[in-house]
Amino acid sequence: MDREDYVEDILDHYQHPRHKGVLDPADSKAEGGNPGCGDIVTMYMRVDPAGRISEVSFDGRGCTISQAGASMLTEIAIGKTPKEVEEMDYEAFIDQMGREVVVSRARCATLGLGTLKAAADQYLKEKRAADGA
Ligand code: FES
């Protein structure tokens with residue numbers, strides 16, 4: 001993909017967000033924000049009995065790159081385990097969005113990912129607590 005393709009993809013996700021809206025009930029959710037601008041995103045996940053993420057959604061408002069990033073992330077995260085989400089690499093995600101387009105806005109690009117990692121982390125903590133009980 002060249003720069004133009006990445007830009008087109010980002011705009012498409014911003015204008016036609018995938019999996020946008022509240023997931024209720026959700027097995028975990030987390031809210032994240034970029035203090036520099038006030039943009040926010042909430043990520044929701046459901047985990048199936050086999051331990052894989054069956055649904056992910058996001059809600060929020062913010063710049064094009066942050067909202068497009070959250071939308072792209074929902075497609076990538078479905079089918080992963082919460083542990084795999086915890087281990088996702090920020091730099092690899094920036095590459096997926098188009099490094100040359102988003103690298104100067106890395107905090108925007110990874111807002112959704114950082115938030116989904118927090119939701120995954122919370123899910124795993126709660127599961128460990130429940131399993132140990
Ligand atoms: Fe706020 Fe991009 S300017 S997240």
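Here the structure is a predicted model, which is why all the values come from computation and not from measurement. All ligand and atom numbering here is 1-based and tracks the order in the structure. Computation of the quantities below employed the complete heavy-atom set of this structure, encompassing side-chain atoms and omitting hydrogens, waters and symmetry-equivalent molecules.
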Undergrad: Which residues and atoms, protein N, O or S only, are under 2.8 Å from atom 1 (Fe) of ligand 1?
TA: C37 SG, D39 OD2
Undergrad: Please enumerate all residues that pass salt bridge (Lys or Arg N to Asp or Glu O under 4.0 Å) together with E31, with sequence neighbours excluded.
TA: none
Undergrad: If the condition is side chain to side chain contact (heavy atoms under 4.5 Å, CB included), which residues does V103 pass it with, not counting sequence neighbours?
TA: R99
Undergrad: Within the side chain of D39, is there an N or O that forms a donor-acceptor pair under 3.5 Å with the backbone of N34?
TA: no
Undergrad: Listed by chain and number, what are the side chain to side chain contact (heavy atoms under 4.5 Å, CB included) partners of R105, not counting sequence neighbours?
TA: C63, I65, C108
Undergrad: Can a side-chain donor-acceptor contact be found between T74 and H19 if the only test is distance below 3.5 angstrom?
TA: yes
Undergrad: Is there a path from I76 to V101 through hydrophobic residues (I, L, V, M, F, W, Y) whose side chains come within less than 4.5 Å of each other?
TA: yes
